[in-house]
Amino acid sequence: MAAPSAPAGAGKQRAYLSCIRATITAAMCLENFGSQLVERHNKPEVETKQSKELLLNPLIVSRNKEKVLVEASINSLRISVAIKKSDDIEVVLAKRFMRFLTQRAENFVILRRKPVEGYDISFLVTNAHTERMYKHKLVDFIIQFMEDIDKEISDIRLTVNARARVVAQEYLKEFA
Amino acid sequence: MLLLETSNRILENLVNDRLNAEKFETVEVMAADFDGVQFHISTPSEGKNLLQISIQTRCGAELLKFGGADKLKAIYGPLLQASPEAGYDATLLVDLSAPPAGQTKETLAKHIAAFKRHLIAAPFLYVFEAMEKKAALPDIIAIHYRDQEAFYIKPEGDRVIVIFDVNFKDADDIVFSKVFLQEFADARRTISNAPAVTFSQKEPPLELRGVKDVKASESHGFISFVLFPNHTAAKSREKVVDLIQTFRDYLHYHIKCSKAQMHTSMRLRVESLLQILNRAKPEPVDSAKRTISGKTFKRA
């Protein structure tokens, strides 16, 4: 139950995120599956897309400008996120922030270094990851990640605007 | 420390050190300042108690022509050398053992440190003073103080319009600058006496129509300041000139500061996300085991 003072958008945001959470939890049933084409190789099937029978239907969950693409296969899952950007400065901030994160992809294990075409950032979860880590916590992480990015971008934007105001005031008040 | 200083700290410290030192030593220092200005401080062959300070700017000829030569002579008097050192625009020669008339040991350092400030202030003061005396003025004065950038001073009736042509090497900077400049333009609502600020990207403003060499391209932004009579009046003009000569550097400095602030907050966010991710990893099982007879061994 949303508190009376919560903004109307918060309920919709929650519905959007819970839909994504359900989708990812359902898709995260991964098992080890060696490559059918090359002996002794084990590749994430969602990346190679060589055998049609190993791939599930891709699914897009979208809300206005922001959308999430979930592509699943037998041994891997790819989640791509397109962030909502309302104006020029948010475009710049989102681009910088995503570049910042993808450069640290090694630390983030499940992050993909290049986003899928048309999206801002992508995750690749393989059966190896689900064997080593708790599945429900992975899903938690991805949802938290999406919330945090939105919050961070609007925070940075507010600080830039505040700084601009202070800078302009300081400078021009000296003239008066 | 939001506003930039106009005097040069390096010069000030150097002159202070030399004045307070016990014996005179040879000095050979190259220093730089904003906008590609270079200083050369050396001890000339005539005597160890003398200190020679030369300044070189990209627009030296333009500055000296529009009031620079007169201004420097008026401020520095006998210190200014008639012909500057080779490759430099102006030279001062100071006798460290005897400060010149009107300066004490304490004020001399600051006096010398303002060398660049006085040189760049010259065309502005030239225009302000000529307007006050209603003397003849050229239509527009262009000073190309940086490689790709220039500023233009255009007197118009009782106002002066100063237009900055700023080059942004990074396309993202253009977006940041729009945010900053929008605030500058809007500040008039709260600060009544502020100069009017307008800006445009790529298209030069109407005042620059007909001026040659105006570089108009995607990466160039034009910012116009309209200075009213209360800004150009004698009692406020020195402060106004201080502020306006460092405007372009002020803008870029604060754009860079906000980028640095962004990076810091992004790093913090990355730390917190990594912590959340680490919760997904189960705790490593302690794998040291013992047998009945007491032998301990570790299992991988």
Side-chain angles (χ1 to χ4, degrees), chain A residues 87-93 95-101 103-105 107-111 123 125 129-149 151-153 155-176, chain B residues 2-4 170-188 190-195 197 225 227-228 230-231 236 239-240 242-244 246-247 250-251 253-255 257-259 261-263 265-274 276-282:
Chain A
D87 57 24
D88 276 342
I89 184 100
E90 284 195 4
V91 171
V92 166
L93 290 179
K95 188 180 82 167
R96 274 181 180 251
F97 196 21
M98 292 306 111
R99 207 192 315 162
F100 201 81
L101 290 169
Q103 277 177 339
R104 286 162 175 74
N107 288 345
F108 277 104
V109 200
I110 55 171
L111 203 65
F123 297 90
V125 184
H129 297 141
T130 49
E131 280 161 22
R132 275 204 308 250
M133 300 193 256
Y134 295 124
K135 268 198 282 192
H136 58 287
K137 290 270 165 86
L138 268 181
V139 176
D140 277 346
F141 170 73
I142 294 176
I143 304 293
Q144 185 70 37
F145 188 93
M146 287 177 56
E147 280 180 347
D148 276 354
I149 293 188
K151 195 147 56 92
E152 189 63 32
I153 289 189
D155 273 351
I156 296 182
R157 183 169 181 236
L158 285 173
T159 36
V160 168
N161 279 344
R163 176 181 270 269
R165 176 151 318 134
V166 171
V167 159
Q169 302 275 6
E170 270 302 311
Y171 188 74
L172 289 173
K173 79 168 198 251
E174 295 291 322
F175 282 87
Chain B
L2 279 174
L3 297 168
L4 296 178
D170 185 8
D172 289 347
D173 278 357
I174 301 182
V175 178
F176 277 102
S177 74
K178 282 209 184 83
V179 175
F180 277 82
L181 293 171
Q182 190 58 48
E183 284 295 333
F184 270 87
D186 289 343
R188 280 260 290 176
T190 36
I191 306 175
S192 45
N193 265 333
V197 181
F225 280 82
L227 297 173
F228 301 117
N230 60 316
H231 299 131
S236 41
K239 193 161 77 151
V240 165
D242 269 348
L243 289 167
I244 204 136
T246 49
F247 171 71
Y250 182 71
L251 183 68
Y253 167 64
H254 279 286
I255 292 180
C257 282
S258 54
K259 282 201 221 167
Q261 195 174 28
M262 246 172 64
H263 275 259
S265 66
M266 289 199 287
R267 269 184 214 120
L268 283 173
R269 185 62 70 174
V270 164
E271 288 289 324
S272 83
L273 284 173
L274 274 174
I276 300 176
L277 184 60
N278 284 332
R279 280 190 235 147
K281 301 192 175 113

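Each chain gets a letter, A, B and so on, in the order its sequence line appears, and its residues count up from 1. Just the heavy atoms: all of them, side chains too, but no hydrogens, waters or symmetry mates, feed the values below.
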Visitor: Working to the nearest 0.5 angstrom, can you tell me the gap between A/E174 CD and B/I244 CD1?
Guide: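 Rounded to the nearest 0.5 Å, the CD-CD1 separation comes out at 13.0 Å.
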Visitor: Please give me the minimum heavy-atom distance between B/H263 and A/F100, naming the atom from each residue.
Guide: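 Smallest interatomic distance, heavy atoms only, reads ND1-CE1, 3.5 Å.
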Visitor: For B/S236, which atoms come within 4.5 Å of any heavy atom of chain A: side chain, backbone, both, or neither?
Guide: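 Contact with chain A: none, neither part.
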Visitor: Tell me, for B/I255 versus chain A, whether the close heavy atoms (under 4.5 Å) come from the side chain, the backbone, both or neither.
Guide: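 Contact with chain A: none, neither part.
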Visitor: Would A/K95 and B/D172 pass as an ion pair if we require N to O under 4.0 Å?
Guide: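 Yes, this pair counts.
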Visitor: Heavy-atom cut-off 4.5 Å, strictly under: side chain, backbone, both or neither for A/L172 against chain B?
Guide: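 For A/L172, backbone and side chain are both near chain B.
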Visitor: Evaluate side-chain contact (heavy atoms from CB on, under 4.5 Å) for B/L277 paired with A/F145, printing each intermediate quantity in order.
Guide: CA-CA 10 Å; B/L277 184 60; A/F145 188 93; over 6 Å; no
Visitor: If I measure from the heavy atoms of chain A, does B/F228 come under 4.5 Å with its side chain, its backbone, both, or neither?
Guide: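 Neither part.
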Visitor: For B/S265, which residues count as a side-chain hydrogen bond (donor to acceptor under 3.5 Å, both in side chains) partner, sequence neighbours excluded?
Guide: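 B/S265 satisfies side-chain hydrogen bond (donor to acceptor under 3.5 Å, both in side chains) with A/E152 only.
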Visitor: Taking all heavy atoms of B/D170 and all of A/R96, pick out the closest pair and write down the distance.
Guide: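 What the structure gives for the nearest pair is OD2-NH2, 3.2 Å.
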Visitor: Kindly say whether B/L243 contributes a backbone atom to a donor-acceptor pair with the side chain of A/Y171 at under 3.5 angstrom?
Guide: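 Yes, A/Y171 side chain to B/L243 backbone: donor-acceptor pair under 3.5 Å.
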Visitor: Sort B/K281 into side chain, backbone, both or neither according to what part of it lies under 4.5 angstrom from a heavy atom of chain A.
Guide: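 Interface part for B/K281: both.
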Visitor: Name the option with the most non-hydrogen atom pairs under 4.5 Å to chain B; the candidates are A/D148, A/L138, A/D88.
Guide: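 When all of A/D148, A/L138, A/D88 are compared, A/D148 has the most.
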Visitor: List the steps and the verdict of side-chain contact (heavy atoms from CB on, under 4.5 Å) for A/R99 and B/M266.
Guide: CA-CA 11 Å; A/R99 207 192 315 162; B/M266 289 199 287; over 6 Å; no
Visitor: Please round to the nearest 0.5 Å and tell me the distance separating atom CG of B/N278 and atom CE of A/M133.
Guide: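 Result: 9.0 Å between the selected atoms.
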Visitor: When rounded to the nearest 0.5 angstrom, what is the spacing between CD in A/Q144 and CZ in B/R279?
Guide: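 Reported to 0.5 Å precision, the distance equals 7.5 Å.
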Visitor: Would you say NZ of A/K151 has more than 12 non-hydrogen atoms from neighbouring residues, nucleotides or ligands within 6.0 angstrom?
Guide: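 No - once you tally the heavy atoms of other residues, nucleotides and ligands closer than 6.0 Å, there are 12 at most.
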Visitor: Which donor-acceptor pairs under 3.5 Å do the side chains of residues 157-168 of chain A make with protein atoms, sequence neighbours left out?
Guide:
unit_1, atom_1, unit_2, atom_2, d
A/R157, NH1, A/E90, OE2, 3.4
A/R157, NH2, A/D87, OD2, 2.5
A/T159, OG1, A/D155, O, 3.2
A/T159, OG1, A/I156, O, 2.7
A/R163, NE, B/Q261, OE1, 3.4
A/R163, NH1, B/H254, ND1, 3.2
A/R165, NE, B/E183, OE1, 3.2
A/R165, NH2, B/E183, OE2, 3.1

Visitor: Any side-chain heavy-atom pair from A/F175 and B/I191 closer than 4.5 angstrom?
Guide: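 Heavy-atom side-chain distance check fails, nothing below 4.5 Å.
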